[in-house]
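Everything below concerns the one structure shown next.
Residue numbers begin at 1 in each chain, while the letters A, B, ... track the order of the sequences.
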Amino acid sequence: MTGYRAGLRWLLLPWLLGTLLLVVGPALITAGFAFTRYDALSPPQLAGFAVFRDLWSDVEFRRALVSTLVIVALAVPLRVGGGLLLALLLHRRRRLDAATRAAAYAPSVVPDVAIALVWLWVVNPVYGPIGLITSAFGAGIGAVLLDPAGARLTVVAISVLSLGEGFLVLLAARRELPQPLYDLARTEGAGVLTEFRLVTLPLLAPVLGLLTARDLVVSLQVVMVPTLLLTNGGPLGATKTLPLLAYERGFRELELGDGAAIALLLTLLTGLVVAVQFRLLRRWNRAVAT
Amino acid sequence: MTSRLAVEGLGHRHAGSGTWALRDLTLAVEPGQVLAVVGPSGSGKTTLLRLVCGLLRPTEGRVLLDGVDAAAVPPERRPVAMVFQGYALFPHLTVRDNIAFGLAVRRVPRAQRRARVDEVAATLRVDGLLDRLPVELSGGERQRVALARALVRDPRVFCLDEPLSSLDPVLRVEARRALSALLRADGRSAVYVTHDQAEATTVGDQVAVLREGQLEQVATPRELYARPATSFVARFVGTPPMSLLPAAALDVPARADVLVGVRAEDVHVGAGKPYVVREVEEHGHEQLLALDVGGIDLVARVPLVMNVRVGETVLAQVNPVRIRLYDGATGRLLP
């Protein structure tokens with residue numbers, strides 16, 4: 001038995017080593033750099049909290065913080081809500097099941113880069129489909145990506161398209177809900193909305209909570225690729241999110257201290273947002289108990 | 001007097017597969033009566049309940065509640081309460097909220113809800129459990145909570161789908177007695193679905209036997225036991241069920257294809273023709289002997305004191321007055 005356990009430890013070793021070397025180590029080093037000024041050429045100079053004070057008074061950082069929060073606040077509810085809506089529409093077994101579900105999931109397997117390139121065309125005012133259709137009616141759209149709100153909405157739209165994973169999880173969770181509970185609600189005269197409010201939502205709440213947390217974490221970090229390709233953070237920094245700013249500061253402007261500090265703040269922000277979300281969920285769970 | 005519940009020529013066909021789950025069913029339940037519906041799985045029992053409480057629409061025929069055609073009455077306005085198989089309690093709601101669920105859907109004011117739940121909970125002795133979650137309840141407690149939720153509606157008819165199937169056997173007997181009284185109280189009626197014929201005959205004033213969506217027989221438990229209307233009912237009802245043997249094997253003067261139905265207590269062991277004992281089953285105060293009659297079992301009920309072993313030959317004869325004859329082709333009881 002002990003030999004078996006020792007064997008298990010050896011099996012765990014490569015993974016542990018990898019995590020230490022590739023995740024924990026760099027994370028600690030980054031956290032350390034966050035308190036320095038470092039340009040990757042001369043040795044880092046300890047600066048303490050001055051880095052953070054400077055960031056706080058840095059207009060670009062503040063704008064990035066707001067942009068991040070706005071985009072996440074729009075994208076996460078839309079993505080989780082959209083996944084839920086699709087799951088509830090498609091959970092019954094019907095003809096063309098496989099096709100509709102595949103369609104809902106498909107955008108999630110397309111690489112961000114490809115989606116970003118397609119959207120460059122979609123919102124192009126001159127030859128994109130939206131531009132062509134609207135100008136046929138004499139309206140036309142402006143240069144969407146040059147307008148701060150338009151650019152943000154486009155970034156949100158792209159991220160909402162990848163709701164496939166949440167959709168699959170919710171589809172499976174909905175399938176697991178016992179039919180008699182719905183029958184009971186129907187014998188009491190519950191309509192679609194009451195049924196949703198009193199049966200589906202509370203029973204799916206744990207899954208929704210988990211998905212939202214995961215989605216928050218992912219959104220706070222991963223919206224980088226489309227924004228980099230689509231808008232490069234513009235216009236006027238409207239889509240310059242914190243990860244993008246950290247990348248710019250650290251690797252383009254060689255202010256590694258700044259980049260590390262932004263990354264550290266982003267991690268703290270993620271933890272905070274998820275904690276708040278769980279707190280809200282718990283309170284709501286208590287309130288929903290009729 | 002109009003019946004509390006009546007179904008006339010009731011049928012339901014699955015929209016998808018086109019097969020009939022229930023066909024041409026006519027039954028009536030009087031006030032204060034329990035109708036037990038029994039049959040193997042897939043016989044249409046649950047379909048009947050769903051038609052009565054309005055979860056399904058009849059493909060043909062009518063459901064009458066106190067003489068009124070229920071076709072235009074939505075489920076929530078029918079004086080019917082359903083107790084679902086497995087109880088269908090909400091795992092995230094306390095007992096109180098589970099019982100009040102229907103009231104919440106109907107938007108009954110909170111204070112009124114409380115009062116009504118307290119009242120019903122006392123009747124069913126779940127008043128000490130109101131703040132618990134379903135996971136913290138025993139099987140018997142869950143069953144009572146499900147009943148309380150049905151009782152909250154103040155129904156005229158209870159529809160119960162296998163209400164005791166998830167209880168252990170000891171608890172089941174106790175729960176059955178309590179249920180029996182509750183279902184008839186205040187002139188209420190009940191349709192009680194079970195796959196257990198013994199349970200059906202103890203609970204029901206009338207017992208309906210269904211098979212593949214068709215009614216085989218509806219009768220009092222006594223009548224059902226004494227005069228099964230079809231060979232299917234004969235084989236289904238009673239512990240043990242009737243033995244069915246070809247007429248020739250028992251020297252009964254009848255057509256060759258007639259089956260003779262014999263209850264175990266109508267086989268007298270000790271005189272008559274010799275038969276080999278194929279099996280002995282002890283049941284506490286009595287034992288059942290399976291006698292080999294031309295390869296078919298004839299079951300006899302004998303006292304424990306009779307010392308019989310498997311393989312022995314005993315003398316036995318059938319009481320000719322108490323036998324029933326069934327048409328070999330249709331399975332119908334012959335007059």
Would you indicate whether A:E176, at its atom CD, is surrounded by more than 12 heavy atoms from other residues, nucleotides or ligands within a distance under 6.0 Å? no

Report which part of B:L89 has an atom under 4.5 Å of a heavy atom belonging to chain A: side chain, backbone, both, or neither. backbone

Using a 6.0 Å cut-off, check whether atom CZ of B:R114 has over 12 heavy atoms from anything other than its own residue. no

Should we say atom CZ of B:R125 is surrounded by more than 12 heavy atoms from elsewhere, each under 6.0 Å from it? no

Between A:R186 and B:P75 (side chain of the first, backbone of the second, donor and acceptor by atom type, cut-off under 3.5 Å), is there such a pair? no

Please output the side-chain donor-acceptor pairs of residues 204-218 of chain A that fall under 3.5 Å, not counting sequence neighbours, one pair per line with the distance.
| unit_1 | atom_1 | unit_2 | atom_2 | d |
| --- | --- | --- | --- | --- |
| A:T212 | OG1 | A:L208 | O | 2.6 |
| A:R214 | NH2 | A:E165 | OE1 | 2.6 |
| A:D215 | OD1 | A:R79 | NE | 3.3 |
| A:D215 | OD2 | A:R79 | NE | 2.8 |
| A:D215 | OD2 | A:R79 | NH2 | 2.9 |

Please tell me if the side chains of A:L203 and B:H92 come closer than 4.5 Å, counting only heavy atoms from C-beta onward. yes

In terms of heavy-atom pairs under 4.5 Å with chain A, which of B:Q85, B:R149, B:M82 leads? B:R149

Can you confirm whether more than 12 heavy atoms, excluding those of A:L193, are under 6.0 Å from its CG atom? no

Output for pair (B:L93 CG, A:L181 CG), nearest 0.5 Å, gives 9.5 Å

Given A:T187, which partner from the list B:R153, B:R50, B:E76 fulfils the side-chain contact (heavy atoms from CB on, under 4.5 Å) test? B:R153

Assess whether atom CZ of A:R175 is packed by more than 12 heavy atoms of other residues, nucleotides or ligands within 6.0 Å. yes

Is the closest side-chain heavy-atom distance between B:F90 and A:V199 below 4.5 Å? yes

To the nearest 0.5 Å, how far apart are CG in A:L184 and CZ in B:F84? 5.5 Å

